[in-house]
Each structure stands twice: as structure tokens, then as C-alpha cells.
Protein chains: 2
Amino acid sequence: MADSPKRQARRRKIPEATVSRLPIYLRSLLEAAGDGLPTISSERLAELSGFNAAKVRKDLSYLGSYGTRGVGYDVEYLQFQMSRELGLTKDWHVVIAGVGNLGHALANYGGFSERGFPVAALVDADPEVVGTEINGIVVRHIDELPAVVAEEDISIGIIATPASAAQEVADRMIDAGIRSILNFAPTILTVPPDVSLRKVDLAVELQILSFYQQRRSGDGDGSASSESAGSGRGG
Amino acid sequence: MADSPKRQARRRKIPEATVSRLPIYLRSLLEAAGDGLPTISSERLAELSGFNAAKVRKDLSYLGSYGTRGVGYDVEYLQFQMSRELGLTKDWHVVIAGVGNLGHALANYGGFSERGFPVAALVDADPEVVGTEINGIVVRHIDELPAVVAEEDISIGIIATPASAAQEVADRMIDAGIRSILNFAPTILTVPPDVSLRKVDLAVELQILSFYQQRRSGDGDGSASSESAGSGRGG
DNA sequence: TTCCGCTTGTTCACGTGCTCACAAGCACGG
DNA sequence: CCGTGCTTGTGAGCACGTGAACAAGCGGAA
């Protein structure tokens with residue numbers, strides 16, 4: 001399907017805040033598709049995704065004019081366009097570095113493959129675990145990373161090592177050609193500007209919750225709503 | 001130690017973006033404490049935490065004037081004040097709902113207790129797993145949640161169930177008196193405004209990485225750095 | 001005491017993101 | 001064909017977060 005030349009706004013830069021919401025919209029569309037309705041309004045999509053309708057419309061407008069006024073958005077078509085934009089038309093192979101508690105769980109977690117991110121390899125530095133098999137994948141030594149990346153066509157690296165090893169693992173991943181890294185280790189990583197880095201720190205999330213709970217207990221103040229998606233719509 | 005009455009800016013509301021960075025600063029301070037230096041400059045703290053010095057100073061100023069011009073911040077004192085502000089002077093007991101792959105891993109993950117969030121209870125709906133023991137904790141049935149919360153003095157709930165069960169589990173947690181929830185299920189939860197909700201969606205993080213990688217491959221454009229907190233930061 | 005170097009705390013200007021409000025535009029009925 | 005109802009797409013104003021720049025202020029040296 002060629003680009004419809006209606007508007008030239010296509011392919012312009014999409015705000016970071018919008019990008020972080022696109023996956024939520026996509027998930028909501030999948031839900032909506034189950035209802036059998038051919039189209040969906042921005043208001044309904046807002047309900048499903050936990051944002052407000054105006055934000056939904058503005059976000060979707062960055063992708064192009066895929067809606068029909070008076071009707072809504074074609075569910076299937078929007079789903080396709082969004083998948084394409086997010087690069088989900090192909091699978092992205094993932095390597096997990098560090099097969100401790102967390103790495104082990106991630107390797108067994110089915111949610112990745114389901115959503116197009118199959119775990120294709122596991123690496124670790126401990127000779128004790130190298131060679132063991134998890135969920136059908138044999139753990140290899142981290143020294144073999146460049147070979148593993150090439151063989152398995154890896155694009156994304158997940159760091160699930162202790163904090164002390166994280167930076168070195170990141171460096172090795174980058175050397176091996178990986179340009180997208182998801183870091184679970186509770187430490188700050190430094191990467192070149194052409195590498196995308198995101199981090200998930202479980203303890204930090206709990207500490208943020210702790211802050212607001214503390215405030216609520218201490219003050220008589222009631223403002224404690226957190227952030228994105230899901231904060232209470234009192235309805 | 002009573003509040004110094006120098007400035008009345010104490011106890012003012014702290015921006016959400018700043019709150020999400022406080023745990024990072026605190027972690028950096030712990031690192032810095034290992035160096036033995038009694039004080040730390042905003043520049044050094046910026047280096048350790050991955051932000052810039054101006055942001056660090058502004059963030060810290062929300063907590064009060066705890067620095068000394070020409071010298072820096074007293075590491076130990078700042079650490080104490082920040083812990084107090086984050087509510088980390090006491091342990092917060094956590095219950096994990098859903099003992100599947102992820103819940104199991106979280107229960108075994110030592111990082112929580114270490115940082116003041118001991119996992120005090122596990123609940124599940126599956127009679128098959130109720131009664132089994134994980135990391136010294138016996139899994140109880142989710143119907144017992146109110147009793148569990150009372151007995152173990154639980155303040156924070158972690159949802160590690162399938163998406164389909166997440167909303168009901170959240171409702172039950174709130175009924176049981178929990179006011180802080182961390183959601184790992186890939187779905188939008190609705191909670192009353194007096195409940196804090198944060199979410200971690202692993203697949204979403206990968207999809208965001210996928211977006212930037214896709215862009216880099218497709219376009220000749222090289223802008224892809226991320227580094228949000230949790231929204232997100234985001235961060 | 002006075003001067004000097006250093007680092008904080010704060011102010012200001014800017015950019016990004018969010019919300020509101022409404023014109024544009026499509027489908028459908030008469 | 002034309003009017004009506006409904007929903008998108010977008011422009012403008014506003015709130016929030018960020019970065020640079022600088023005055024305020026502390027400690028130490030002379």
C-alpha cells in the first residue's frame with residue numbers, strides 16, 4: 001500500500017511522549033478488535049487506553065490522517081499502520097544477559113514472544129550456568145556474544161545482571177552490534193548517542209510509591225495521583 | 001533535629017518529575033558514601049546519577065537548603081533527609097498477587113528487602129499453588145487478602161497476575177486497605193483518586209525500543225536517545 | 001580582617017507536552 | 001441535492017519541565 005499523498009505530515013518526527021503511548025494504543029486496539037466493531041472513536045479508544053480523547057486524537061494525527069470524520073478510526077487499518085510505525089511487522093530477536101533470578105524469569109516469560117520479541121539467546125559469565133538449558137535455550141558464555149548476535153540475528157539486548165557488571169555487559173553488547181538495550185540493573189549506564197537505552201528499576205518504582213504514601217500519611221493533603229495511564233478516573 | 005526556619009519553602013509540593021528522580025539520587029549517594037568523602041558536589045552527583053548538575057541542584061532545592069556554598073552537600077545528612085522525604089525510614093511491607101513466572105521471580109528477588117520493601121506475603125487464586133512455599137513464604141488464597149494485609153501490616157500491593165485478573169485483584173487490594181499499587185499486568189487499571197498506581201510493562205518498553213530502531217534503519221536520521229525514568233518516564 | 005575561589009540556590013528564557021475549543025468534513029436521511 | 005448530526009484534525013493558550021547564567025554566600029589564605 002503506497003502512501004496516500006493527502007497530507008505531507010507523514011514521517012515527521014513524533015514526540016517522545018507520544019511514542020511511549022503508541023504501544024498502549026496498539027494494545028487497546030487489539031482489545032477493541034475483539035468486539036467485532038469495524039471502527040472505533042477517539043473517545044472509546046481513550047477509555048480503553050486510559051488517556052483522554054483529545055490526547056488520543058493528537059497522538060494519532062502524528063501517524064497521519066487515518067480516521068474518518070463523523071465515523072472514527074478503522075480498527076484494522078489503524079492497527080496495521082501503528083504496527084508498521086512501531087516496527088512490529090517483523091520479529092525482533094532478543095538476547096538476555098544474566099541468568100539469575102530475574103533473567104531466569106524473563107527467559108520463561110511468554111509475553112515477549114507473544115508480542116513479537118522472541119528470546120533467541122541467553123548469555124552469562126558464570127561457567128556454572130553456561131551450558132544449562134532454560135525454556136529450550138542453551139545458555140552461552142558472554143564471550144561468545146558477537147557470534148551469538150550474528151547467528152541469531154539479535155537486535156535487542158536485555159541486561160539482567162547485577163549492577164556491578166551492567167556497564168561492561170552494555171559495552172560488549174554495543175561492540176557486538178546491538179543498538180537497543182533494556183536495562184534492569186539498578187545502575188546508570190552510559191552509551192553512545194546512536195544507541196537507544198531504556199531502563200526498568202523495580203525498587204525505584206516502589207520508592208516512588210513510598211513517597212506518595214508517606215505524604216498522604218503525614219499531611220492532610222490528598223494529591224497523590226501518580227502518572228500515566230490508569231490513574232483513577234472516579235467513575 | 002527540628003526544621004530550620006531559614007526558608008519556608010520546606011514541605012512544598014515537589015514536582016512529579018523530581019520525585020521520580022529522587023530514588024536515583026539516593027542510590028547515587030549510597031555509591032558516593034563508599035568513597036569516604038564527607039561531601040559531594042552537584043556536579044559529581046550529576047555524574048553518578050546520569051542527569052546534569054543544574055537539574056540536580058534544582059531538584060535538591062525542593063527538599064530544602066541542605067548544601068553549603070563553596071563546599072557541596074553533606075553526603076550523610078542529605079542521605080538522611082532524602083530517605084526521610086521518600087518515607088524510607090521504615091520498612092514497607094509488600095504483598096505480591098499472582099505467583100506465576102513473574103511473581104515467582106519477584107518473590108525470590110532479593111533487591112526488594114535490601115531496599116526496605118520486604119515481601120511479607122504472597123497470594124494467588126489457584127488452589128494448586130496456595131499452600132506452597134516460596135522463599136520462606138507460604139502462598140495464601142486471595143480471598144484471605146484482608147486478613148493478610150492486617151496481619152502483616154501490608155502497605156503496597158504488586159500485581160503479577162494475567163491481565164484478565166488484574167482489575168479484580170486491584171479492587172480487592174483497595175478493599176483490603178492498600179493505597180499503593182505496582183502493576184505488572186499489561187492492562188489499564190482504574191483506581192480511586194486516593195490510590196497511587198504505577199505500572200511496569202515489559203513488552204511496552206521493547207516496543208518503544210523497536211520504534212527507534214525501526215526509525216534508525218529506515219531513515220538516515222540518528223536521533224534516538226531516550227533515558228526516561230519511568231515515563232516514564234515516562235518516563 | 002579582607003580577599004579570593006568555589007559551589008549552591010534561584011531566576012529567567014525556552015521548549016515540550018497537554019487541554020480546550022471549534023472549524024472541517026464525512027455519512028446519512030429526507 | 002441539501003441539511004443534520006457526529007467525530008476528526010488542529011490551532012491557540014497554558015502548565016510544566018529543562019538548561020543556562022549569575023548573584024549569594026561559605027571557607028580558607030594571607
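Predicted model, so just to flag it, every value in this text is computed and none were measured. Letters A, B, ... are given to chains in the order of the sequence lines, protein chains preceding strands, and every chain is numbered from 1.
Between Arg115(A) and Asp91(A) there is no salt bridge, since none of the side-chain N atoms of the basic residue sits less than 4.0 Å from a carboxylate O of the acidic one. Looking at Asp194(B) and Arg216(A), no side-chain N of the basic residue comes within less than 4.0 Å of a carboxylate O on the acidic one, giving no salt bridge. A salt bridge between Glu85(A) and Arg215(B) is present, with a side-chain N of the basic residue lying under 4.0 Å from a carboxylate O of the acidic one.
At whole-Å resolution of the value, CG in Leu45(A) and P in dT8(D) are 9 Å apart. In this structure, OH of Tyr62(B) is placed 17 Å from P of dT8(C), rounded to the nearest angstrom. Spacing between atom CD of Glu16(B) and atom P of dG17(D) amounts to 7 Å, rounded to whole angstrom units. At whole-Å resolution of the value, CD1 in Ile14(B) and C1' in dG17(D) are 15 Å apart. When the P atom of dT8(D) is taken as reference, atom CG of Asp59(A) falls 14 Å away, rounded to whole Å. Atom CD1 of Ile40(B) is separated from atom C1' of dC6(C) by 16 Å (rounded to the nearest Å). Residue Tyr73(A) contributes atom OH, which lies 14 Å from atom P of dC26(C) at whole-angstrom precision. Rounded to an integer number of Å, the gap from Leu37(A) CG to dT7(D) C1' is 16 Å.
Judged by distance alone with a 3.5 Å cut-off, a donor-acceptor contact links the side chain of Arg69(A) to the base of dT8(D). Looking at Lys58(B), its side chain has no donor and acceptor atom pair within 3.5 Å of the base of dG17(D).
Within the nucleic acid shown, Arg21(A) comes within 4.0 Å of sugar-phosphate atoms alone, with no base atom in reach, counting heavy atoms only.
Taking side-chain N and O atoms only, Ser42(B) has no distance below 4.0 Å to OP1 or OP2 of dT7(C). Between Asn52(A) and dT19(C) there is a side-chain polar atom (N or O) within less than 4.0 angstrom of OP1 or OP2. A close approach under 4.0 Å does not occur between any side-chain nitrogen or oxygen of Tyr66(A) and OP1 or OP2 of dT7(D).
Side-chain contact of Arg84(A) with Thr89(A): a donor-acceptor pair under 3.5 Å is absent, judged by distance alone.
You'll find that the side chain of Ala17(A) is closest to dG17(C), out of dT8(C), dG19(D), dG17(C). Checking dC26(D), dG9(D), dG17(C) against the side-chain heavy atoms of Thr68(B) singles out dC26(D) as nearest.
Each of Val71(A) and Arg57(A) was assigned the nucleotide of DNA chain C with the nearest heavy atom; the assignment lying further toward the 5' end belongs to Arg57(A). If Gly70(A) and Pro15(A) are placed on DNA chain C by their nearest nucleotide, the residue sitting closer to the 5' end is Pro15(A).
Among residue pairs with one or both ends in residues 166-177 of chain A, those qualifying as salt bridge (Lys or Arg N to Asp or Glu O under 4.0 Å) are Asp143(A)-Arg172(A), Glu168(A)-Arg172(A); sequence neighbours excluded.
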